[in-house]
Asker: 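There's a structure below that I have some questions on.
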Amino acid sequence: MSPVKIDKMGDWRRTHYSADIGPELDGQEVLVFGWVQEIRDLGGLRFLILQDKTGQLQITIHRHKVASEVVEKAESLQKQYSIGVKGTVKKMGKAPRGAEIVPNEMRIFSVSQQPLPLDITGRTKAEIDVRLDARVLDLRREENQAIFKVQHAALEAARAFLSKRGYIEVFTPRIIVSATEGGSALFPVAYFTREAFLAQSPQLYKEQLILDFEQVFEIGPFFRAEESHTRRHLSEFISVDIEQAFANAEDVMKVLEELIHNVCKAVAANCERELELLGHEIVVPEVPFKRLTYSKVLEELEAEKVHVPWGEDIPTAAYRVLGKLHPYYYFITDWPTKAKAFYIKPKDDNPELSEGFDLMWHWIELSSGGARIHSKELLMKRLSEQGLSTESFKTHLQAFDYGMPPHAGWGLGLARLLMVLTGVKNIREVVLFPRDQFRLTP
RNA sequence: GCCCUGGUAGUAUAGUUAGGCCUAGUAUAGGCGGCUGUCGCCCGCCCGACCCGGGUUCAAAUCCCGGCCAGGGCGCCA
């Protein structure tokens, strides 16, 4: 039914990306591929804005100066058609890149349904729900692509940093047998004839692995069945985790702050265009980051007339107050043992306090970690104290029979870090296809 | 799970407080026509919507009840 003739790609291959096109190529024949982003028709003159993964490019069609076949094709185009253009670069001060392409030949590979479910130029803003329903179209916007280019640069920097520091990248199971790690709720899965669960963290496995590799890291998705309804929680999220043998909390805090420092530096240096698109500036944080003890935090809150009973977790409202006092990266250390997970090591000189820490940015928790218990007896004691059965941790505890060394580690929420790096306020915008309590598609 | 706010064309909004003046306004997208230097092009014409169900009333987009959906906050969160 479509009157538009679909062409084959055939032997056409791209010679240039839009970012490569500039006045210095004046007169050169090029072949570009991409999607029609905008059309401005002035009558005898028609401008197409073509977008590819590197950016945008102007194609200019003079109705009376190019082949009628090209004119015909150009006039049948709609936003979001995917096309190829073979043409001549023309130096042109009035064009966006100082150059434009005058087409000699055009191929249309695919059409699009009109009207589109949202404005791909972003001028008419759409709500997050509408945007996520049409996510691949939403990602046509360069600002949105920029978020994921920043993510790529951040991951690249993080991997390079950890490798250089002697960590080996590992993969631990996503499908686990026990729902008894404690804390957050797990998603059950049908596993052949048994019930299994999606992993909420690599914690137990990465601890076991330091017995062999000493230093491991893992970057991967984890799952939590919490009914959290906020701009900073998802039920599926990517965690950057490390674990290290013969290390204490301070040792891995140093690794964490240096990693953040390096990631910020790399993103600031390599993502200039992306940050500009996002209208965001990265100030590379100086190390070391501030370290506040839990007790100090409570005192500071008290001075702001926010009372938190010692030993309790800090409520969100209190964190917001704290974030105003410390509007950057900082650690909270020396948490009460009872406020932390069973595997976090109590301090040798004061078991009420632990070697657990959180890395904060303003009021948001980016990472949490600590030194771990390496004594099997103590670990079993802590399990019972937290009401967990030692029986269901049997295979994990086994590792502690074979020379488990002192060790420490942390887990860092990638999306939360990305929110800081991009200035985006909703975690769902920094995840391609976010999963929360209510969203399971696309 | 609890609380708050909201649901009007493809998208974003006005109108809801004080029911009638709403035959539901505007922008953008879409369709048609015009226009040779646009870059949020411009100009003219056109298309297109009150979440669902029930109730109150002479009269409901507007008030009430129920449902569904969405946004946000809290709690929860190794």
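Per chain, numbering begins at 1; letters A, B, ... match sequence-line order.
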Asker: Quickly work out the A:E75 CD to B:rC35 P distance and round it to whole Å.
Answerer: 11 Å

Asker: Touch check for A:Q114, heavy atoms < 4.0 angstrom, all strands: base, sugar-phosphate only, or nothing?
Answerer: sugar-phosphate

Asker: Between A:Q78 and B:rG31, is there a side-chain N or O to OP1/OP2 distance below 4.0 Å?
Answerer: yes

Asker: Mapping A:A95 and A:I39 onto RNA chain B by nearest heavy atom, which one lands closer to the 5' end?
Answerer: A:A95

Asker: Using atom NZ of A:K125 as one end and atom P of B:rG40 as the other, report the distance to the nearest whole Å.
Answerer: 14 Å

Asker: Which residue in the set A:D129, A:D436, A:D138 passes salt bridge (charged side-chain N to carboxylate O under 4.0 Å, His left out) when paired with A:R428?
Answerer: A:D436

Asker: Just call it for A:E100: base, sugar-phosphate, or nothing, with non-hydrogen atoms closer than 4.0 Å on any strand.
Answerer: base

Asker: Above 12 or not: heavy atoms from other molecules or residues under 6.0 Å from CD of A:E352?
Answerer: no

Asker: Considering Watson-Crick and G-U wobble pairs with both distances under 3.5 Å, what does B:rC45 pair with?
Answerer: B:rG31

Asker: 5'-most contact on RNA chain B: A:R63 or A:L132, nearest heavy atom basis?
Answerer: A:R63

Asker: Does a side-chain N or O of A:R232 approach OP1 or OP2 of B:rC74 to a distance below 4.0 Å, or not?
Answerer: yes

Asker: Taking atom C1' of B:rG10 as reference, at what distance in whole Å does atom CG of A:D138 sit?
Answerer: 15 Å

Asker: Look up atom NZ in A:K338 and atom CD in A:E312, then write down how far apart they are to the nearest 0.5 Å.
Answerer: 6.0 Å

Asker: Under 4.0 Å from OP1 or OP2 of B:rU38: is there any side-chain N or O of A:T60 that close?
Answerer: no

Asker: Taking a pair as Watson-Crick or G-U wobble with both distances under 3.5 Å, which nucleotide is matched to B:rC58?
Answerer: B:rG20

Asker: Counting any heavy atom closer than 4.0 Å, what does A:F223 reach on the DNA or RNA strands: base, sugar-phosphate only, or nothing?
Answerer: nothing

Asker: Does the Lys NZ or Arg CZ of A:R140 fall within the cation-pi geometry relative to A:W35 - under 6.0 Å from the ring centre and within 45° of the axis?
Answerer: yes

Asker: Which part of the nucleic acid, if any, lies within reach of A:K79 when heavy atoms closer than 4.0 Å are counted: base, sugar-phosphate only, or nothing?
Answerer: sugar-phosphate

Asker: Given atom CG of A:L234 and atom P of B:rC76, what is their separation to the nearest angstrom?
Answerer: 19 Å

Asker: For A:R46, which contact category applies under a 4.0 Å heavy-atom criterion: base, sugar-phosphate, or nothing?
Answerer: nothing

Asker: Would one find a side-chain N or O of A:R40 under 4.0 angstrom from OP1 or OP2 of B:rU38?
Answerer: no

Asker: Kindly say if A:R123 contacts the phosphate of B:rU11, meaning a side-chain N or O under 4.0 Å from OP1 or OP2.
Answerer: no

Asker: Is there a donor-acceptor contact under 3.5 Å from the side chain of A:S82 to the main chain of A:V111?
Answerer: no

Asker: Using a heavy-atom cut-off of 4.0 Å across all strands, would you classify A:P202 as base, sugar-phosphate, or nothing?
Answerer: nothing

Asker: Take atom C1' in B:rA60 and the same atom in B:rG71, then report the distance between them in whole Å.
Answerer: 26 Å

Asker: So which nucleotide from B:rG37, B:rC76, B:rG10 ends up closest to the side chain of A:L42?
Answerer: B:rG37

Asker: Pairing check on B:rA70: which nucleotide meets the Watson-Crick or G-U wobble criteria with it, both distances under 3.5 Å?
Answerer: B:rU5

Asker: Whole Å only: how far is the NZ atom of A:K90 from the P atom of B:rG37?
Answerer: 13 Å

Asker: May I have the distance from A:Y319 (atom OH) to B:rG73 (atom C1'), rounded to whole angstrom?
Answerer: 17 Å

Asker: Which part of the nucleic acid does A:I49 contact within heavy-atom distance under 4.0 Å: base, sugar-phosphate only, or nothing?
Answerer: nothing

Asker: Please determine if a side-chain N or O atom of A:N426 lies less than 4.0 Å away from the OP1 or OP2 oxygen of B:rG71.
Answerer: no

Asker: Pick the P atom in B:rC69 and in B:rC52, then give their distance to the nearest Å.
Answerer: 15 Å

Asker: So, do A:H396 and A:F400 have ring centers that fall under 6.0 Å from each other?
Answerer: yes

Asker: How would you label the contact of A:R97 with the nucleic acid (heavy atoms, under 4.0 Å): base, sugar-phosphate, or nothing?
Answerer: nothing

Asker: For A:D41, report the nucleic acid contact type (base, sugar-phosphate, nothing); a contact means any heavy atom under 4.0 Å.
Answerer: base

Asker: Checking all strands, does A:T316 fall into the base, sugar-phosphate, or nothing category for heavy-atom contacts under 4.0 angstrom?
Answerer: sugar-phosphate

Asker: To the nearest Å, give me how far apart CD (A:E127) and C1' (B:rU28) are.
Answerer: 16 Å

Asker: If we check side-chain hydrogen bond (donor to acceptor under 3.5 Å, both in side chains) with A:H407, which of these qualifies: A:Q215, A:H374, A:R372, A:E207?
Answerer: A:E207

Asker: Whole-Å distance between B:rG34 P and A:L45 CG?
Answerer: 16 Å

